[in-house]
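Data first, discussion second: the structure below is written as structure tokens.
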Amino acid sequence: MRKSSKTAIKRFAIRQEDGAHVLYFLNRYGYVVRLGRFESYGAALWFLHDVKGETELMSFDRLCAMALGVQSCFAEWRVSCGL
């Protein structure tokens, strides 16, 4: 079986919390995961600079909305498959 050459876009958000900048990631299952806490916005961006593949930086609210969409798709898939 041949593997597809398509790669998923990695989606991130940076949100300011308690004087620091927190980096969040949308995982493949539709959950928003906290990756790390940085002293500056620039430091969080520098971390993203090292991520392999295509990335997208969006607002935290948009990342959460996208997560709900992914989770809804999984829920519909489970129902249609009888799981």
Side-chain angles (χ1 to χ4, degrees):
M1 180 180 240
R2 191 172 176 196
K3 273 191 149 182
S4 172
S5 63
K6 290 183 181 180
T7 58
I9 298 172
K10 297 164 190 81
R11 292 178 169 87
F12 297 91
I14 300 172
R15 184 165 96 167
Q16 192 166 7
E17 296 176 0
D18 299 327
H21 293 80
V22 180
L23 180 65
Y24 291 93
F25 170 68
L26 178 64
N27 72 11
R28 68 169 56 180
Y29 304 108
Y31 293 100
V32 175
V33 179
R34 183 178 168 159
L35 283 182
R37 182 180 171 98
F38 299 88
E39 292 302 316
S40 68
Y41 190 83
L45 285 178
W46 189 253
F47 177 86
L48 289 179
H49 179 265
D50 293 333
V51 173
K52 301 273 190 234
E54 191 174 349
T55 60
E56 183 178 354
L57 182 62
M58 56 183 63
S59 71
F60 183 75
D61 292 337
R62 183 168 176 224
L63 188 73
C64 290
M66 190 170 271
L68 288 174
V70 172
Q71 291 172 11
S72 296
C73 288
F74 275 126
E76 284 182 26
W77 177 77
R78 279 189 222 110
V79 169
S80 67
C81 292
L83 298 176

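Throughout, numbering of the chain's residues begins at 1 and tracks the sequence.
Taking all atoms of both residues into account, the shortest heavy-atom contact from A67 to G30 is CB-O, 3.2 Å. Minimum interatomic distance between R11 and M66 (heavy atoms only, all atoms of both residues): CD-SD, 3.0 Å. The heavy-atom pair separating I9 from T55 by the smallest distance is CG2-C, 4.2 Å.
Considering only heavy atoms from C-beta on, F60 comes within 4.5 Å of V32 through its side chain.
The other residues sharing a hydrophobic cluster with F38 are F12, I14, L23, F25, L35, Y41, L45, F47, L48, V51, L57, where clustering joins ILVMFWY side chains under 4.5 Å apart.
Of the inter-residue distances, the one linking K10 atom NZ with E56 atom CD reads 12.5 Å to the nearest 0.5 angstrom.
Legend: salt bridge (charged side-chain N to carboxylate O under 4.0 Å, His left out) pairs involving residues 16-25, not counting sequence neighbours, sorted by first then second residue: R15-E17.
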